[in-house]
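Order of the sequence lines sets the chain letters (A, B, ...), proteins ahead of strands, with each chain counted from 1. All values reported here derive from a predicted model rather than from experimental measurement. Below, all heavy atoms of this structure are taken into account, side chains as well, without hydrogens, waters or symmetry copies.
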Amino acid sequence: MPTEQLSERSEGARRLENVVIRFAGDSGDGMQLTGDRFGAQAAALGNDVATLPNYPAEIRAPAGTVAGVSSYQLHIADHDIRTPGDQPDVLIAMNPAALKANVAELRPGGVIILDTDAFTVLGLEKAGYDVDPLTDGSLDAFQVHAINLTGFAAAAVADHNLKRKDAARTKNMFALGLVSWMFSQQIEDTIAYLHKRFASKPDVQAANVSALRAGWIYGETTEAFANVYEVKPAPLPAGTYRHMKGNKAVAYGLVAAAHQAGMPLFLGAYPITPASEILHELAALVSNDVRSFQAEDEIAAIGAAIGGSYAGTLGVTVTSGPGMALKAEALGLAVIMELPLVIVNVQRGGPSTGLPTKTEQSDLLQALYGRHGEAPMPVIAVRSAADGFDAAMEAARIALAYRTPVILLSDAYIANGSEPWRVPEVEELPFIGIDLATEPNGVDADGNPIFLPYARDPVTLARPLAIPGTPGLTHRIGGLEKADLTGAVSYDPDNHDFMIRTRQSKIDGIDVPPLEVDDPSGPPGSGADVLVIGWGSTWGPIGEACRQVRAEGMKVAQAHLRHIVPLPANLASVLSEYHTVLVPEMNLGQLAGHLRRETLIDTVGYNRTRGMPFWTAELASVITRVIQGIDEDASGAAGTKPVGDVGARLAAMSEAGAAKPAAHAGTATASQHDATREAGR
Amino acid sequence: MSTVNGKAEEPVDGASGRRAPTVADFTTGQEVRWCPGCGDHAILSTMRGLLPALGVAPENTVVVSGIGCSSRLPYYLDTYGIHSIHGRAPSFATGISINRPDLSVWVVTGDGDALAIGGNHLIHALRRNVNLKILLLNNHIYGLTKGQASPTSKVDTIGPSSPFGSLDNPFNPIALALGAGATFVARTIDSDRRHLTATLTAAAAHKGAALVEIRQGCPTFSAIPRQPSRAAGQTSPEEPDNPAAPEHGPIRLSPGLPIVFGAKEQWGVVRDPSTGELGIGHGGDSRVVVHDPGTQNSTYAYGLARLAETSLAEPPIGVYRSVSQPSFDQLYQERLATARPDGRGDLRSLLTGSDSWVVAG
Ligand SMILES: Cc1ncc(C[n+]2csc(CCOP(=O)(O)OP(=O)(O)O)c2C)c(N)n1
Ligand code: SF4
Ligand SMILES: [Mg+2]
């Protein structure tokens with residue numbers, strides 16, 4: 001949205017195509033709830049919505065400090081969008097620290113609504129302001145609405161006999177009411193929500209509703225705001241929609257998968273940010289045949305899940321990087337025992353505890369290779385919040401059909417972000433059930449019927465599963481190498497070699513759909529010269545960036561990998577049709593290295609690990625420079641160096657070091673330079 | 001006559017249409033690979049004899065183990081089973097037990113498996129009272145990895161990794177299990193088949209987590225000096241006048257009977273009336289304790305468990321504690337049942353939720 005629009009006066013509501021709003025406050029100010037409700041209201045209006053919650057690792061960092069700031073950004077639009085937006089148009093700052101932490105990203109000319117109640121000497125000091133930003137002219141580039149949000153909220157709830165502190169806490173609802181009015185949103189859904197949420201505390205419930213209403217009325221009756229804005233509904237395909245968060249989508253996908261497999265879902269999990277919410281969601285779904293178990297650690301969690309799979313349920317475990325590391329040994333066991341299992345890794349910043357509430361894609365290599373022995377496992381990735389549902393179902397499908405553990409990679413951005421989700425009809429969901437063995441499938445040397453747990457399906461190479469309780473099919477499985485067919489312990493060298501190759505072939509042979517390329521200018525080979533390929537949550541920013549680049553008259557193709565193991569069969573042939581393949585990743589090039597290993601095709605990386613998703617503008621600029629690099633190269637003007645040139649890489653890296661402060665500012669970066677430089681191969 | 005998994009099937013039992021299971025039904029064709037004289041042989045053959053008597057069909061029995069010599073046992077029992085990873089058997093077994101309360105689930109583990117790498121899982125399985133029969137085959141050494149000191153090895157144990165003697169204090173598995181809130185805790189020995197059978201039978205009958213420490217000989221790494229075991233009442237001419245003399249053999253705990261030992265039952269476990277502490281006294285003393293494994297307060301069992309460390313050559317054998325508490329699988333199933341009083345929830349309404357909206361085409 002061009003920001004000038006926000007200042008133009010007009011009659012009635014001004015129509016905006018899209019707007020980016022960021023609510024920011026102290027961790028205790030309820031910004032996540034506020035943002036979430038605003039998103040739900042927008043979604044209910046029919047807008048396309050994408051959200052980006054961002055909060056500190058501490059439950060309560062020191063109040064009023066920049067470290068304690070929690071924010072929630074929303075992008076709402078009257079058309080299909082894929083990201084929560086880059087720079088906000090509107091910033092709601094509940095205290096000086098929230099202003100300080102976020103104002104640098106606000107679009108010039110953007111709107112700031114701030115709570116004057118918090119702009120005290122002490123508040124400014126805690127935020128690290130030497131001079132009051134309200135008076136020193138530093139906000140002149142913005143439209144500032146300094147309002148005593150706390151004071152108005154407290155006045156609005158004066159009748160509800162709350163303690164002073166509790167009364168002040170309703171300021172977030174006052175702010176939500178005000179911003180809702182500003183964007184022509186209805187607050188009835190949120191009132192209903194508050195009724196439910198605070199059902200057991202009538203005073204708090206009534207106070208929050210009063211504050212919300214008061215904020216809305218404040219907007220309507222004061223002359224503070226020149227305009228009301230409106231974002232019209234986005235044209236979405238017909239259907240029933242729901243505002244869906246990534247973690248919830250994954251949880252629902254797992255429930256639907258178990259339902260469609262005709263099995264109970266069994267979750268073994270140990271709490272860890274940002275995956276715990278999946279445990280919480282599933283723990284509540286007992287009536288949908290979901291059984292959950294909070295284990296003593298991540299090893300026990302996967303152990304129980306494997307036990308559950310052996311006993312005839314769909315075994316699932318959910319975790320994040322550190323927990324994934326603990327599960328590695330048990331994953332190997334699930335591989336050799338060939339049991340269905342879904343392992344969800346909601347990635348966060350690593351290594352070690354790293355940035356536990358921030359996003360990153362740095363566990364890809366761990367997923368691909370992080371086990372001892374030859375232990376191949378399918379790896380698939382979620383690309384957006386709503387996509388969590390389909391991705392989880394696909395993971396379960398593969399796990400069941402091929403009797404294998406499957407890693408499903410999500411990340412903190414997907415986990416906490418939300419977007420409208422078209423609720424599928426239950427009838428359109430695939431059936432993914434499998435037949436359990438009930439009869440002997442072989443004969444012993446004497447011709448007696450026996451059960452051969454490692455006799456395989458000739459097509460899928462899946463082994464038969466017989467669950468305890470099935471008469472006549474008793475058998476033992478375990479970590480020692482199995483003899484082909486019988487599954488008896490075998491130390492035979494040729495058998496070991498055969499079994500290793502068979503397990504690998506089974507995974508290699510998993511049927512995955514071909515890679516599709518999105519390029520309006522033509523199919524691979526006759527369209528764009530540059531293909532941008534990604535995996536996981538970069539799907540949104542890459543997609544938006546490609547749209548932006550195309551809108552500027554350039555050609556670019558986009559492809560996205562849902563399946564990383566095994567890769568789509570046409571991958572190498574697709575990649576080889578492009579002059580340059582650009583791989584933006586929130587890591588130091590893990591997919592790029594994997595692609596090189598698997599296809600012998602060199603790609604150009606764009607790599608950032610700032611704990612936040614890419615900005616559209618950032619990627620658009622990278623793509624543009626890559627395209628221009630090719631053009632320059634073709635005209636012989638640029639002295640670019642070929643990809644793989646170690647000297648060029650090192651030079652780029654040292655420049656990266658020099659350019660560090662700029663990199664923090666969030667636009668021009670060393671790796672971007674790297675990408676540009678390498679573009680002309 | 002039909003055969004399944006290579007075994008004869010003769011329906012005899014009128015009610016189930018199947019004959020009662022036999023030792024052969026619980027025996028696999030796998031070659032047993034333990035050292036000659038290993039205590040594990042006796043434990044295996046006791047299990048093979050015991051399982052048919054429990055009246056649970058082989059297919060309804062699951063045996064889960066970790067890693068170690070002892071953990072090979074499931075391969076030799078023709079039931080369902082998992083030979084899992086080192087120390088983690090209780091976690092796999094927990095996943096099976098809570099999902100399938102219809103099954104009889106056993107865990108076979110070693111002192112290293114259960115108490116070193118798997119200590120965490122053991123205590124949590126016990127505190128949750130998961131319906132598992134946990135057989136801890138305690139040879140006081142790491143057998144499979146060739147004789148290193150284990151968490152139950154005595155201080156000063158010489159082994160390849162402790163050539164000058166180990167420094168760390170051993171665990172007392174009984175005390176540990178009691179500390180974790182175990183509802184059934186017993187100790188037995190491989191060399192006394194009758195005691196072993198009786199103890200395992202009692203464990204099998206217990207609803208909830210049952211921990212049975214089986215003191216087991218490892219002739220190859222001979223960690224514990226083997227003692228001649230002898231039932232109380234047997235006489236020995238050279239018996240010394242000392243309750244800690246190895247000749248007495250272990251104290252045998254029998255419910256409802258006074259705890260006395262020695263050839264003439266001249267010794268007994270007595271309770272100090274002022275402190276309540278257990279100690280060794282004379283067999284005829286009026287303060288001799290009558291054994292009651294059903295004592296709710298585990299201090300009593302704990303006192304018994306600690307006796308050996310100060311005043312006896314060998315720890316008492318028998319059931320230390322057997323109290324009734326709801327098992328985890330039972331609580332879990334009840335929770336599942338109460339949380340969905342009207343049967344299975346509908347997937348469609350779950351997915352649609354209460355906050356959805358419709359976009360017309
Ligand atoms: C993760 C892991 N660490 C180490 C080992 C090696 N290991 C196998 S068995 C064992 C000790 C077994 O001792 P115990 O449980 O007492 O069994 P025993 O052989 O004495 O019956 C060790 C350390 C392993 N298999 N896995
Ligand atoms: S090493 Fe010891 S425990 Fe292992 S099989 Fe041999 S005798 Fe038994
Ligand atoms: Mg041992």
Any donor and acceptor pair, going by atom type alone, linking the side chain of B:Asn131 with main-chain N or O of B:Asp329 inside 3.5 Å?
-> no

If you tally heavy-atom pairs under 4.5 Å between each of A:Gly312, A:Gly308, A:Gly332, A:Gly315 and chain B, the highest tally belongs to A:Gly308

B:Ile67 portion near chain A, given a 4.5 angstrom heavy-atom threshold | neither

Region of A:Tyr193 that comes under 4.5 Å of a non-hydrogen atom in chain B = neither

Ring centres under 6.0 angstrom apart (A:Trp421, A:Tyr241) = no

When you check the gap from the basic side-chain N to the acidic O, do A:Arg422 and A:Glu428 get nearer than 4.0 Å?
-> yes

Please work out which of the three classes, parallel, tilted or perpendicular, describes the rings of A:Phe266 and A:Phe293, given edges at 30° and 60°.
-> parallel

Turns out that what part of B:Leu103 lies under 4.5 Å from chain A's heavy atoms comes down to side chain

Sort A:Ser292 into side chain, backbone, both or neither according to what part of it lies under 4.5 angstrom from a heavy atom of chain B.
-> backbone

Residue selection (most heavy-atom pairs with chain B, distance under 4.5 Å) from A:Pro468, A:Gly46, A:Ala295, A:Ala40 = A:Pro468

Measuring heavy-atom distances to chain A, does B:Arg33 have an atom under 4.5 Å in its side chain, in its backbone, in both, or in neither?
-> side chain

Salt bridge A:Arg476-B:Asp78, side-chain N to carboxylate O under 4.0 Å = yes

Leading residue by heavy atom contact count with chain B [cutoff under 4.5 Å; candidates A:Thr240, A:Asp446, A:Val290, A:Asp189] = A:Thr240

Contact part of B:Ala360 toward chain A, heavy-atom cut-off under 4.5 Å: side chain, backbone, both or neither?
-> backbone

In terms of heavy-atom pairs under 4.5 Å, which option from A:Met337, A:Glu439, A:Glu329 contacts chain B the most?
-> A:Glu329

Residues B:Arg128, A:Glu296: salt bridge by 4.0 Å N-O rule = yes

B:Tyr76 six-ring centre to B:Arg48 NZ/CZ under 6.0 Å and within 45° of normal = no

Is a side-chain N or O of A:Tyr310 found less than 3.5 angstrom from the main chain of B:Gly81, in a donor-acceptor match?
-> yes

Name the option with the most non-hydrogen atom pairs under 4.5 Å to chain B; the candidates are A:Gly479, A:Ala44, A:Pro237.
-> A:Ala44

Under the side chain to side chain contact (heavy atoms under 4.5 Å, CB included) test, which residues partner A:Asn441, sequence neighbours left out?
-> A:Phe451, A:Leu452, A:Ala455, A:Pro464

Checking heavy atoms, do the side chain of B:Arg100, its backbone, both or neither come under 4.5 Å from chain A?
-> side chain

Which region of A:Leu480, side chain (C-beta onward) or backbone (N, CA, C, O), has a non-hydrogen atom less than 4.5 Å from a non-hydrogen atom of chain B, or is it both or neither?
-> both

Can you tell which of A:Val423, A:Ile477, A:Val426 has the highest number of heavy-atom pairs within less than 4.5 Å of chain B?
-> A:Ile477

